[in-house]
Amino acid sequence: MEREIFTSDNIDFEFTEQGIESLLACKESEKIISYANNLCRKNFRGSVWIRGLIEFSNYCCRNCLYCGLRRDNKNIKRYRMSSDDILKTAETIIKEGIETVVLQSGDDLYYSRYEISDIIKKIKKINPKQALTLSVGERDLDDYKYFFDAGADRFLMKHETFSENLYNKIHPGQSFKARIKTIELLKKIGFQTGIGNIIGLPYQTLKDLAKDIMFYYDFQPDMIGSGPFIPQGDTIFKDFKSPSCELVLKCYALARIAVKSAQIPVSTASLTLGQEKFQISALKSGCNVVMAGFTPEHIRLNYKIYDNRFKQSLSGIRDTIEKAGFTPDCTRGDSLNLFSSARF
Ligand code: 5AD
C-alpha cells in the first residue's frame, strides 16, 4: 500500500515510521489531536459507544512480565466465574440495553471451547441482536473457528508491542511471530478483529510506538484496544513509571488518523492515569468507546492486571461522555469496515 502524506489545514506529515516517530517526539500535539477529534466526530456522528465488560477469570497460563495476572504471581486471589454466573451477568448487561457484551479473561484454558461456545450461544439466544466480543488470549487455533461459528462477532487480541525484540523479552515462552499469525487468522475467520499496544512499557522507545501505529495503518483493524502502562506491585516492573498523559493522547490521536473506521475504547487504565479529566481528553482525541465494568463486585478487585483500578458506574460513564460533548450510545456500534469496503 502506498504511504499517504497527510495534508490538511492543520497537519502535514508522511505516514511512515519516521514521520510518526518525529510527530511523537515533538512537543506540539494540539493539531494532531484536534484533527483526530474532528475526524472521529464526523465519521461516528458524535456518538460514543458503551460496552458491558465481564472479566470472568483471572487465571492465566502466561507470564507477561508487566501483568499482575501472570502465572507466577502468588499474591493474587484467583477466581473463575461459572457459566451460570457469566450468563446472569450478561443478562444484567442486556437488561441495561447495552448491545455489546465483552467476555474477557486471562489466558485460562480451563474453559473448554465447548463451554465458551455454549455461553456464546446462550447469550445470543437471549438477544440475537447482541454483539459478543471475546478477549480470551491465545488458544488452540481450532478454538477460534468454533467461537465464530457459535456466534461470537468480535475478537480482541492485543499485540502489546510491535517491536519483536521487546515483545519476546517481556513475554517469556511466547513468540511475537505466533501472536501476529493468530491475529491474522482471527481476521481471516471473519471476526471484527481488535489489536492494540501498551503505551509506555519499560524499555519501549518512540520508534517502537511508531511501529505500533504503522501496524494499525497497515492492518486496518476493526478495533484498537490501546492504553498506558501502569505498574503492578507484584511484578518486576513495579518501579517503572507510567507514560505522560500527553504521549497517550497523541498515540490515541495517531491511532484514529491511521484507522478512521475503527472502534477505539478509552482504556480503563486511562482512569488510573488521569481520572475522569483524562478520560474526557481521550474522548476528544479520537476514542469513541467506553467500557462499563459488570464483573461482580466481590471478585472485581482481584482482576489486578495493574494497581489502582477504578470502578465507574454506568451513570458516571454517561455523564463523562456528555461532559466530553458526545452522545452515549448503547447500540452494537460495529466497526465501520462492516458497512463499506472503501478505505475511510
Ligand atoms: N499496564 C497496562 N496494561 C496492562 N495489561 C496487563 N498488564 C498491564 C499493565 N501493567 C493489559 C495488557 C493485557 C491485558 C490483560 O491487560 O494489554 O493484554
Side-chain angles (χ1 to χ4, degrees), residues 51 53-73 75-76 78-79 102-109 133-139 154-163 166-167 169-174 176 178-180 182-183 186 193-204 208-209 212 215-216 221 223-245 247-248 251-252 255 264-274 278-279 282 291 293 295 300-310:
R51 317 292 199 200
L53 173 66
I54 311 174
E55 294 140 333
F56 66 90
S57 161
N58 69 353
Y59 279 83
C60 192
C61 63
R62 315 282 172 211
N63 242 333
C64 312
L65 297 187
Y66 48 83
C67 183
L69 302 194
R70 64 198 309 271
R71 184 183 68 218
D72 289 350
N73 182 10
N75 291 335
I76 64 166
R78 303 281 174 176
Y79 70 84
V102 182
L103 296 180
Q104 189 164 74
S105 67
D107 289 20
D108 185 3
L109 305 177
T133 305
L134 292 177
S135 174
V136 296
E138 287 182 52
R139 304 179 54 107
R154 309 176 184 146
F155 204 108
L156 173 68
M157 175 75 79
K158 295 178 67 169
H159 68 283
E160 317 291 5
T161 171
F162 205 71
S163 155
L166 181 59
Y167 185 96
K169 253 188 219 144
I170 62 180
H171 298 98
Q174 282 180 275
F176 174 75
R179 187 79 169 186
I180 301 300
T182 308
I183 288 170
L186 292 166
T193 304
I195 55 177
N197 67 346
I198 302 179
I199 303 160
L201 278 167
Y203 309 111
Q204 188 183 48
D208 295 335
L209 287 172
D212 289 324
F215 181 40
Y216 300 149
M223 308 174 289
I224 298 177
S226 165
F229 164 77
I230 312 278
Q232 205 285 330
D234 298 312
T235 67
I236 58 164
F237 289 155
K238 64 179 189 299
D239 295 323
F240 280 81
K241 297 252 169 312
S242 289
S244 70
C245 290
L247 179 65
V248 179
C251 287
Y252 278 144
I264 307 185
V266 181
S267 152
T268 44
S270 295
L271 266 187
T272 304
L273 188 71
F278 181 67
Q279 205 180 24
M291 310 299 293
T295 309
R300 187 182 68 80
L301 287 175
N302 297 325
Y303 201 78
K304 233 174 176 252
I305 39 186
Y306 49 82
D307 289 338
N308 305 316
R309 292 186 75 222
F310 274 85

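Whatever order the structure lists them in is the order used to number ligands and atoms, beginning at 1.
A donor-acceptor pair under 3.5 Å links the side-chain atoms of Asn73 to the main chain of Gly68, judged by distance alone.
Contacts of ligand 1 (protein heavy-atom distance under 4.0 Å) are Tyr66, Cys67, Lys158, Glu160, Ile198, Pro228, Phe229, Ile230, Ile305, Tyr306.
Aromatic ring centres of Phe176 and Phe162 lie closer together than 6.0 Å.
Donor-acceptor pairing under 3.5 Å is recorded for the side chains of Ser226 and Asn197.
Residues Asp107 and Gly137 share a closest heavy-atom pair of OD1-CA, 3.2 Å.
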Would you list the atom pairs, donor with acceptor, under 3.5 Å between side chains in residues 54-61 and any protein atom, with sequence neighbours excluded?
from	atom 1	to	atom 2	distance (Å)
Glu55	OE1	Thr295	OG1	2.7
Glu55	OE2	Arg309	NH2	2.8
Ser57	OG	Tyr59	N	3.1
Ser57	OG	Asp108	OD2	2.6
Asn58	OD1	Tyr79	N	2.7
Asn58	ND2	Lys77	O	2.9
Asn58	ND2	Asn302	O	2.8

In sequence, state the C-alpha distance, the side-chain angles, and the governing distance for Phe215 and Ile180, and then conclude on side-chain contact (heavy atoms from CB on, under 4.5 Å). CA-CA 10 Å; Phe215 181 40; Ile180 301 300; 4.0 Å; yes
